[in-house]
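Each remark here refers to the structure printed beneath this line.
Each chain gets a letter, A, B and so on, in the order the sequences are listed, and its residues count up from 1.
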Amino acid sequence: MNPGLALVLRRTALSGGLLVLLTVVVYVGVDLLPGDPVTARLGPNTSPARIAEIRDHLGLDRPVLTRYTEWAWGLLHGDLGHAANHRPVTEVLSDRIGNSLLLAVLAVLLLAPLSVFFGVLAAWHRGRATDRIVSSAALTLVSLPEFVVAGALVVVFATGLGWLPALSFVPAGVSPLAQPAVLVLPVLSLLLVGLAYAVRVIRACAVATLRSPQVEFLTLNGTPPLTIALRAVVPSVLPVAVQVWLISASGFVGGAVLVEQVFGYPGVGELLVTSVRSGDLPVVQALVVVLGGGMLLALVLADLAAVLLTPRLRTAVTG
Amino acid sequence: ACGGAPAPGGVPLAGGNQATPRKGGALRAVFGGGPAESLDPYAGGTPVDFVRNDVVYDSLFVLRGSDSVPSLATAVEVAKDAKSFTLRLRENVRWHDGSPFTAQDVVYSLRYMCSPDRPFPSQLAPYLDVAKASATDAKTVVVPTLTPVGDPAQLLAAIPAKIVKDGAKDFSAGKAIGTGPYRVDSFEAGRQTRLVRFDGHWDGQAPADEILLLSLSDPQTAVRAVTSGQADYAGDVPVATAKTGVPGGDLEIRTAGEANRVGFAFVLNTTRKPFDDPRVRRAARLAVNRQALVDTVLLGYGAPGNDLFGKGARHYSDLPPLPRDVDAARKLIKEAGAEGAVVTLRSAEYVLGYNASTQLFAEQLKEIGLDARVQLVGLQEFFEPAALAEANSVTFSIGPSPLAVTYGRLGAFPSLGLADPEFTAAFQRALGATDDTVRAQAWAQVQKVMAERGNTVVWGQADVLSVARKTVAGVQVRDEAKYPYLGKAGLA
Amino acid sequence: MKPLVRLEDLALGAGDQRLLDGVSVELGRGESVGIVGPSGSGKTTLALALFGHLRPGVRHLGGRVLVDGHDMLPRRAPGVAGRVLGYLGQDPGGSLNPYARVGSILRTAARGRGAVPELLAGVGLPADLARRYPHQLSGGQQQRVALAAALAGRPALLVLDEPTTALDVLATQEVLAELARVRASGTGLVWISHDHGTVAALTNRVLELERGKVVRDGRPLDRPIRTAGQRGTGESGREVLTVRGLSARHGKRTVLAGVDLTVHSGQLLVVLGASGAGKSTLARRITGLHPQGDGQIRLGDTLLAPDVRKRNLAQRAALGLVAQNPADALHPYQTVRTALSRPTSTLRRTTTTEADVRRLLELVRLPGEFADRLPGELSGGQRQRVALARALAAGPEVLLCDEATSALDTSAQEEVLAVLADVRARLGLAVVLITHDPHVAVTADQVVVLHGGRVATTGSAAHLFPGQDDPATAVARLLTPISPHDTRGVAQA
Amino acid sequence: MRRAGFLLLGAVIVLVLLGPELAPHSVTAPVGPPYAPPGPGRLLGTDHLGRDVLSRLLAGGRPLLLTSLLAAVAGTGLGALTGLLSALLRWVNATLFRLLDVLAAVPPVLLLLLVLTALPSRAGLVLAVVLVSAPLSARVARATADQVRHRGHVEAAVLRGEGIGWLLTREVLPLVAGTLLADLGLRFVLSVYLVAAAGFLGISGTGSDWGLLVVEALPGVALQPWALLAPALAIALLAVSATLVADGVGARAKAVLA
Ligand SMILES: Nc1ncnc2c1ncn2[C@@H]1O[C@H](COP(=O)(O)OP(=O)(O)OP(=O)(O)O)[C@@H](O)[C@H]1O
Ligand SMILES: Nc1ncnc2c1ncn2[C@@H]1O[C@H](COP(=O)(O)OP(=O)(O)OP(=O)(O)O)[C@@H](O)[C@H]1O
Ligand SMILES: [Mg+2]
Ligand SMILES: [Mg+2]
Ligand code: NI
């Protein structure tokens with residue numbers, strides 16, 4: 001078998017095992033979180049005796065491992081159980097995951113070229129004004145919380161210039177893609193925040209490459225700067241950059257709570273936080289499995305990318 | 001009527017546009033919502049769920065001010081012993097699918113809502129013996145009760161008890177059916193609901209052709225939806241936003257009025273030291289700086305409270321607030337030997353302002369010699385019975401619900417209720433009284449005990465604010481002002 | 001005619017030291033000039049100065065560098081590098097972009113002119129190398145690819161800093177022939193080398209540097225053929241290292257097969273072979289850096305694990321290696337002192353005194369104050385000597401030197417070899433010397449010739465280099481493949 | 001520019017360390033009306049409870065350093081350690097690194113909740129942030145180290161029997177330090193907000209640090225922007241100045257690390 005393919009298969013299988021581990025840890029962990037679905041929901045409007053009765057009725061008092069086995073069994077059959085409001089969890093997740101993925105994919109598609117561009121630009125002019133400006137701007141941007149960045153974008157582009165909608169309302173059942181304008185500001189907010197991290201790390205990698213003898217060789221032989229950047233610097237930062245993009249993307253999917261809230265964009269981040277807050281454990285557990293599974297898959301891809309993009313590692317695998 | 005000094009732009013208008021809305025048009029309203037929404041009236045717990053349920057489903061009785069008025073029921077007859085009541089139902093009511101409304105629907109609904117299978121089982125469950133409820137004919141239902149209930153109409157109006165169709169189990173977008181003035185056209189949890197007018201509503205046709213309910217979890221975003229023209233009305237707006245004011249001449253900030261304020265309180269735990277001692281409870285009430293709290297936490301949108309919940313409800317005792325007296329409080333603490341006692345004040349941002357008020361309360365308790373410690377927790381664990389039982393104070397708020405509901409709720413929780421024989425006896429009497437004068441006396445006694453040695457420090461009555469386009473008219477309050485009734489609302 | 005390059009009283013310094021001191025030179029268009037001088041005399045510094053490029057730590061103290069009428073210092077005039085000047089540095093491995101295949105490197109360098117196969121053929125490399133990455137090439141192959149890249153730009157003046165150090169005699173001849181063609185087409189050369197033969201072959205003017213000063217500017221000296229060193233005796237002590245049936249793989253490609261070798265204490269064993277024959281791989285296999293392959297490696301009586309990580313300290317200490325590329329073998333941020341003291345402290349578990357460091361530096365003829373330098377502050381030859389000193393530090397039984405003297409001028413080389421001879425005689429150290437230098441090869445006790453990954457010939461030096469035969473001719477004869485099949489060896493098997 | 005960086009960083013650090021002593025007002029008790037604009041005696045105005053923003057800003061730096069900086073350093077440190085080890089040792093890559101993958105697969109908010117439930121204290125908060133950031137730092141570190149671990153000097157070190165400690169800290173680390181520092185700088189800022197988010201979820205183990213100030217000021221930002229901008233800018237200032245210094249020092253004194 002092709003050794004590259006074998007590597008992928010092995011890693012994927014391993015990730016499957018890790019996913020099982022993840023589900024156990026998370027199921028049990030989430031179960032141990034303070035508060036339980038019934039108290040969180042019914043709050044003080046219901047007497048403790050009645051709460052106990054309902055808990056008992058719902059089988060929440062059975063040993064956690066029993067419940068885990070049932071849940072995992074359902075999972076194997078594609079059944080993620082029911083949310084607190086009795087909707088099938090799969091249904092609750094499906095539209096939101098799509099929305100979040102859309103946002104994340106768009107943001108990463110923009111992030112990748114832009115981060116490399118600014119990272120290499122800053123590295124090229126290291127120690128000079130361009131570098132200072134890019135680096136300081138990047139750090140200031142991350143230091144401002146997301147909602148401030150998002151809010152500023154709204155003030156400028158929606159309230160001020162009126163170019164874009166302030167809120168990303170999409171009618172029920174319609175994909176945000178049908179109204180691309182609503183995606184612009186959320187994507188931009190995510191991008192600005194994610195960009196900072198990527199630019200800084202890529203800059204550091206690029207600086208190391210620019211000091212290397214191969215770049216000296218290219219420079220002294222009159223290779224145009226753009227060629228040097230594209231042929232020598234960019235390939236050298238890519239293996240690291242891919243990791244950074246991956247990290248950012250995972251943040252965009254599960255961690256974009258505030259951006260989603262500011263724009264009223266129905267995504268997974270908000271789902272996760274509200275489910276945690278309302279003790280809607282089936283949703284939390286399902287989300288962790290789906291997000292975790294997606295992340296593990298993405299990690300395999302990132303590992304693969306790191307191998308493919310590092311010639312020494314690639315040739316060690318492919319011969 | 002508001003205390004404090006609201007900013008020029010932030011003076012709210014009571015009630016809002018009183019004109020009768022014209023027929024037609026679409027009303028777009030924003031409320032708090034999220035992925036947990038549901039069309040099942042006993043499965044969703046977000047604000048937008050309550051607002052939607054109010055117009056899609058009807059109740060047996062509804063509150064108008066402090067009175068319960070007939071809705072799907074036309075009358076209720078209470079048995080002498082107050083251990084059962086008979087409901088007379090309205091004729092000529094039709095479901096959204098055209099079928100007629102019957103007594104069997106009510107029996108089914110009562111059982112459905114009280115079943116522990118519901119994510120939000122009705123709070124009527126401790127009162128009604130729904131298993132034994134029966135339809136004696138097509139328009140009559142007899143319901144036995146578990147404890148004597150003297151005024152079931154109040155309970156049936158105040159506790160959400162939406163009537164669903166007999167046998168209804170599936171509440172997905174195409175299937176959810178009610179008798180209310182609007183039917184569901186499309187629905188997506190956490191995004192929006194499109195409601196269209198149901199022309200066959202028994203109470204006459206609603207004004208707006210269509211209501212678009214938008215769900216947003218962040219209140220500031222909700223307000224922005226209105227200011228940016230993407231919505232006409234946003235309910236339950238934070239005080240800071242109101243204070244900032246709204247731009248543009250066609251928007252206004254409204255308050256639901258004095259009668260619909262929400263009481264903010266610290267409920268003291270009488271099962272633990274030091275608040276098991278009435279003197280220490282009184283000291284805490286003397287220590288609290290009501291006006292400062294109103295000015296800071298409510299930014300002046302409200303008034304100091306008199307430590308009694310239920311302002312605006314029937315039989316409410318409108319006593320004057322206890323004036324602040326730090327020296328007297330210190331003396332009481334000393335008498336009770338509670339100097340330096342550690343008191344944990346449990347709070348979560350369940351409602352905006354809980355944490356802020358608790359932090360200020362802690363500072364004020366420190367002044368009278370208590371070692372107050374704020375315990376801020378997450379929403380998911382806020383109401384854990386065991387943790388509540390350990391805390392010395394819990395931050396809490398209740399609107400102008402009937403007193404039976406308010407004290408019933410508090411009493412259900414040992415650490416929130418007042419363990420006092422006189423109080424308990426008076427409360428039982430008030431609940432079971434079929435005669436209004438007896439009831440009034442009993443409630444007066446309940447509140448007298450509360451005022452003397454009670455455990456609720458209701459420091460303020462908060463305005464319920466909303467932002468609306470000036471043309472939005474006919475928005476009513478039925479039970480809680482935070483979840484207004486839009487069945488008669490529209491654009492003027 | 002206006003000179004292409006003019007240096008006016010150029011002075012460069014680092015610290016309080018002058019690296020170049022009042023250098024004034026003119027080079028005409030199309031002119032070829034050799035630069036010679038002892039290691040550390042400033043040749044590389046001068047070559048880089050032509051580009052207006054100063055290595056970190058080097059300062060411009062005075063004087064001008066004019067290329068094609070443009071001032072190159074303090075800031076490089078744009079458009080000169082590449083168009084007017086082309087460059088190949090002393091460290092060919094590092095010059096190649098590790099993320100690009102050979103083909104892509106050459107295409108980038110050629111900027112659309114010249115096809116990759118022709119460029120490779122020009123430096124004597126097969127076209128199928130184009131698909132490889134630099135790390136998949138042998139030292140000599142890397143050097144030739146880098147040379148091809150420098151040639152591909154077709155500048156008016158090519159500055160080549162020791163471009164044949166890693167090449168065997170045959171490959172050197174091919175490269176010289178190509179350079180002669182390039183020169184004939186009007187390109188000038190600045191040829192930095194320790195090999196007076198190549199200097200004489202390619203240039204008609206030589207600058208000799210000493211301590212940063214031009215001490216001679218004139219015709220190349222037709223130096224007498226070097227006095228061949230002391231011929232090996234062929235005597236041998238006990239067997240210290242035996243290798244049986246050794247093979248090595250890179251992925252699916254077998255680059256070494258069936259190699260048998262015996263090293264005796266005190267012996268000088270020279271490994272000869274054309275560039276890419278597998279010499280470095282052999283050394284890496286023996287030292288355990290390249291464990292992929294079969295066969296046995298014995299140290300005295302003990303069988304060594306193929307992977308160095310599985311060998312114990314004593315076993316590691318017994319085998320010393322000087323890698324082919326000294327630039328890469330020294331940590332850029334570690335001082336010479338660190339490099340020289342670590343082997344003893346890890347392998348011998350003793351602390352190294354300042355005197356030890358000085359003694360080691362003295363062994364390789366470097367001044368004691370170099371202990372505080374970083375590799376970047378050393379010349380190519382100095383780095384190589386530090387690497388050698390480091391390998392000697394732990395007192396190995398067998399020292400494997402992969403082109404350990406290639407960057408040294410003749411006298412430095414002779415001194416270093418004399419030191420090695422002394423250690424061999426005194427302590428019984430066995431030296432396995434991988435070399436392309438015929439004059440070194442003839443001093444061997446035993447010679448092994450590799451051909452396409454197999455041992456083609458083995459025998460005593462006396463036997464393989466008979467009589468008064470010119471060493472270069474003799475080595476060339478040994479390296480010449482017997483049949484065309486041989487050139488391909490096992491590499492493609 | 002580097003001088004400016006040093007001065008800036010010095011000033012910020014002095015402010016952070018001495019801040020609590022310099023605070024003119026109580027940090028918990030109100031000193032005026034809520035959302036009061038800046039004025040005499042209250043240079044940055046008051047917050048939503050009428051507390052002095054300046055005092056809270058001055059007092060909030062130390063806990064920030066104690067929690068976020070510690071967490072970021074520990075997180076990047078642990079991550080870098082695992083990442084570099086994974087690049088050097090195959091078995092670490094096959095075991096420890098895979099475990100970090102599992103950690104990376106748990107959404108940060110949840111991880112935060114789980115850890116704080118088990119360990120409801122500042123230590124728990126630090127641990128949570130470490131667990132959130134380590135897997136990500138590890139990836140960056142491993143990918144960077146993969147680019148340099150084949151170099152001759154690393155092989156030379158292996159040949160002479162250097163232990164993993166030397167290989168890691170002396171051979172590889174100095175070459176990848178620049179990237180790791182960049183990672184650290186950003187991890188710091190991110191951990192500030194992760195800690196703040198913990199406060200947001202009601203699970204704060206700390207008093208009030210700058211992150212929490214930002215979060216608290218959010219609802220009233222239109223009334224009193226300074227309550228939000230001041231801590232946010234303070235965080236930015238700390239991050240920017242530390243980075244300027246790190247870049248400068250890193251470029252110059254690489255040898256210090258080796
Ligand atoms: N940054 C520096 N700091 C101090 N000394 C330096 C620095 N760079 C080079 N040198 C010294 O300058 C001298 C000239 O170096 P250069 O590389 O030009 O020598 P070279 O003639 O090319 O020698 P070789 O033949 O060994 O390559 C050497 O002695 C070297 O140690
Ligand atoms: N990683 C690799 N993958 C595939 N082939 C390789 C790799 N490294 C080296 N080779 C090939 O193995 C052969 C032997 O290489 P080696 O470095 O041992 O040659 P050498 O005899 O030392 O040559 P030189 O004198 O040029 O240094 C060469 O043909 C080379 O191209
Ligand atoms: Mg040199
Ligand atoms: Mg070699
Ligand atoms: Ni430029």
Side-chain angles (χ1 to χ4, degrees), chain B residues 4-7 9-10 218-221 223-224 227 237-247 289 291-301 346-350 352-364 366-367 372-382 384 387 395, chain D residues 25-37 45-53 55-56 109-118 120-121 124-125 128 195-209 212-213 215-228:
Chain B
D218 178 38
Q220 284 181 316
T221 311
V223 172
R224 196 142 41 76
T227 53
V237 164
V239 285
T241 313
K243 189 89 171 179
T244 319
V246 283
N289 189 340
Q291 190 62 51
L293 280 166
V294 169
D295 287 344
T296 307
V297 178
L298 305 181
L299 292 179
Y301 295 117
R346 187 171 173 90
S347 173
E349 205 67 336
Y350 190 68
L352 217 58
Y354 271 24
N355 286 353
S357 63
T358 313
Q359 280 164 321
L360 292 176
F361 187 44
E363 294 299 311
Q364 293 162 6
K366 280 179 199 159
E367 284 178 48
R373 297 182 186 173
V374 178
Q375 180 188 56
L376 302 184
V377 298
L379 297 185
Q380 70 281 5
E381 55 181 313
F382 187 31
E384 256 197 357
T395 304
Chain D
H25 294 286
S26 153
V27 180
T28 49
V31 299
Y35 299 122
T46 63
D47 71 355
H48 66 299
L49 292 185
R51 298 172 296 193
D52 183 36
V53 171
S55 303
R56 289 177 65 73
V109 181
L110 201 65
L111 202 57
L112 203 65
L113 267 175
L114 288 174
V115 172
L116 281 172
T117 307
S121 62
L125 206 51
V195 170
F200 212 43
L201 288 168
I203 44 176
S204 167
T206 66
S208 56
D209 66 23
L212 200 64
L213 292 196
V215 172
E216 282 181 347
L218 183 64
V221 65
L223 291 172
Q224 223 293 56
W226 288 108
L228 186 143

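Going from atom CD of B/Glu363 over to atom CG of B/Asn289 covers 12.0 Å, rounded to the nearest 0.5 Å. The distance from atom CG of B/Leu298 to atom CG of B/Leu352, rounded to the nearest 0.5 Å, is 10.5 Å. D/Thr28 OG1 to D/Leu49 CG: the interatomic distance, rounded to the nearest 0.5 Å, is 10.0 Å.
Under the 4.0 Å criterion applied to side-chain N and carboxylate O atoms, D/Glu216 and D/Arg51 are assigned as salt-bridge partners.
In this structure, no portion of B/Ala348 lies under 4.5 Å from any heavy atom of chain D. In this structure, the portion of B/Gln220 lying under 4.5 Å from any heavy atom of chain D is its side chain and not its backbone.
When each of D/Gly50, D/Pro34, D/Gly220, D/Ala222 is scored by its heavy-atom pairs under 4.5 Å with chain B, the top score falls to D/Pro34.
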